[in-house]
Peer 1: 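Sharing a structure here in structure tokens format.
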2 protein chains.
Amino acid sequence: MRADAMKNYEHILAVANVVITEHGVDASLREIARRAGVGLGTLYRHFPTREALLEALLRASFDEFTTKARMLETASSPEDALVSWLREIVEFTSNYQGVVDLMMAAKEDPESALHASCMTMRTAGTQLLARAQAEGLARTDMDGDDLFSLAAALAWLSNQPSSAPRADYLFNIIASAILTNRASSDFGV
Amino acid sequence: MRADAMKNYEHILAVANVVITEHGVDASLREIARRAGVGLGTLYRHFPTREALLEALLRASFDEFTTKARMLETASSPEDALVSWLREIVEFTSNYQGVVDLMMAAKEDPESALHASCMTMRTAGTQLLARAQAEGLARTDMDGDDLFSLAAALAWLSNQPSSAPRADYLFNIIASAILTNRASSDFGV
DNA sequence: ACCTGAACACCGTTCAAGT
DNA sequence: ACCTGAACACCGTTCAAGT
């Protein structure tokens, strides 16, 4: 990449971080370009889709997740590790309004620029879950996708102003449900 | 209301139901007016906000909830009543993509046209919860708002393509958590 | 009283023209 | 190679002008 292009790339990313933190993941791309002082085409050249921009923006955070999960795997009890990891996700998503919906969609869409990051995240969670399950500390009828879904639901709830005041409590309810060693189907469907 | 206006009102509503079922609650109002064959101003005259349109569209469904909840209160066991009510909500919201987010926001905003309906819904749920709690069948540290939040989370999850295949299972996990008579704080915060 | 559609201020996305 | 910004096709919302 040419030096001037590189500079634009980095600057757009820095501005995008500010704007998206302010207005959420649906923030106007025009405003990002405007505030960055570049043409709209320049933004599109570097980030052909909104998801590509977000991917570049969140890559570091996603990498941290993986690192953190590996650390938790050896440093904490299986229960604490799982709970800490869930908390990380909730806290992270709270910085980028609407990112949970995007991640849920990206997980299902291999074409999405965010797909790989979501899969990595799922893998990390799956390992923490498996360890807890092996020690009889977590539901054995649950898989990594289920954990991802519940984490997303938790993150979604925490980001709703309506339920935010009770976020810790609701977190607790769902975390308890995961960490209860319970057989499947408590209620018929 | 004049007869011609009444006709427009009803027709817009009928078309809106189709379009919103197709494209979700963020559907283009322009398209609704276009398909209804009325001017954009006519739509705005009858429904000054998107939420006013949705309120008119969903009023009947919300009323059904109240009726249903009252019936469940006497016809079913406290547990079955609560679970059935939750299922109703999940099924209802699945018809209008994005309505859960709107309801969560409306619950917090007394100015929203959907506010009253959300409160009514919360009240109905609160009663079903109270009955279960009185018989020691549901968490006693939970209130009507918490139930509403968990119902919303469940509805949100069920409407995500990514988690939809496991919707019944995830429903079960959360419903179990509600119906477990458990003391508060299983995990420190 | 009610309806219409142009007008305004925004979008996302593409692409010819410039350097 | 890279950048720019006009152009296009959409929005939501308002409101003067019509019936």
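Just so it is clear: chains get the letters A, B, ... in the order the sequence lines come, proteins before strands, and each one is counted from 1.
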Peer 1: Under a 4.0 Å N-O cut-off, is there an ion pair linking B:D145 with A:R166?
Peer 2: no
Peer 1: Is B:H46 near enough to C:dC3 that one of its side-chain N or O atoms lies under 4.0 angstrom from OP1 or OP2?
Peer 2: yes
Peer 1: Please check the phosphate of D:dC2 (OP1 and OP2 only) for any side-chain N or O of A:T42 closer than 4.0 Å.
Peer 2: no
Peer 1: Taking the six-membered ring of A:F62 as reference, does the NZ or CZ atom of A:R59 fall below 6.0 Å from its centre and within a 45° cone about the axis?
Peer 2: no
Peer 1: Does the side chain of B:R2 get closer than 4.0 angstrom to OP1 or OP2 of C:dC2 through an N or O atom?
Peer 2: no
Peer 1: What is the distance, to the nearest angstrom, from the CZ atom on B:F47 to the P atom on C:dC2?
Peer 2: 13 Å
Peer 1: Check this one for me: any side-chain N or O of B:R34 less than 4.0 Å away from OP1 or OP2 of C:dT4?
Peer 2: no
Peer 1: Should D:dT19 form a Watson-Crick or G-U wobble pair with both distances under 3.5 Å, which nucleotide is its partner?
Peer 2: C:dA1
Peer 1: Can you give me the closest heavy-atom contact between A:L150 and A:I178, atom names plus distance?
Peer 2: CD1-CG1, 3.8 Å
Peer 1: Please give, in whole Å, the distance from C:dT13 P to A:L53 CG?
Peer 2: 11 Å
Peer 1: Report the distance from atom CD1 of A:I32 to atom C1' of C:dT13, rounded to the nearest whole Å.
Peer 2: 15 Å
Peer 1: So what does B:L40 touch, heavy atoms closer than 4.0 Å: a base, only the sugar-phosphate, or nothing?
Peer 2: base
Peer 1: Does A:R139 come within less than 4.0 Å of A:D146, counting only side-chain N to carboxylate O?
Peer 2: no
Peer 1: Would you kindly give the CD-to-P distance between A:E31 and C:dG12, to the nearest whole Å?
Peer 2: 10 Å
Peer 1: Look at the side-chain N and O atoms of B:N8 and state whether any lies under 4.0 Å from the OP1 or OP2 oxygen of C:dC3.
Peer 2: yes
Peer 1: For B:R45, which contact category applies under a 4.0 Å heavy-atom criterion: base, sugar-phosphate, or nothing?
Peer 2: base
Peer 1: Starting at atom CG of B:D4, determine the distance to atom C1' of C:dC3, rounded to an integer number of angstrom.
Peer 2: 9 Å
Peer 1: OP1, OP2 of C:dC10 versus side-chain N and O of A:S28: anything below 4.0 Å?
Peer 2: no
Peer 1: So does B:R30 get a side-chain nitrogen or oxygen closer than 4.0 Å to the phosphate oxygens (OP1/OP2) of D:dC10?
Peer 2: no
Peer 1: Please report the distance, rounded to the nearest Å, between CE in B:M1 and P in C:dC2.
Peer 2: 8 Å
Peer 1: Begin with the C-alpha distance, continue with both residues' side-chain angles, and end with the deciding distance and a verdict on side chain to side chain contact (heavy atoms under 4.5 Å, CB included) for A:H115 and A:D109.
Peer 2: CA-CA 6 Å; A:H115 183 70; A:D109 176 17; 5.6 Å; no
Peer 1: Measure CG/B:L43 against P/C:dG5 and give the value in whole Å, please.
Peer 2: 14 Å
Peer 1: Between C1' on D:dT13 and CG on B:L29, what's the gap in Å once rounded to a whole number?
Peer 2: 10 Å
Peer 1: In Watson-Crick or G-U wobble terms, both distances under 3.5 Å, what is the partner of C:dA7?
Peer 2: D:dT13
Peer 1: Mind checking if A:A27 touches a base, just sugar-phosphate, or nothing, with heavy atoms under 4.0 Å?
Peer 2: sugar-phosphate
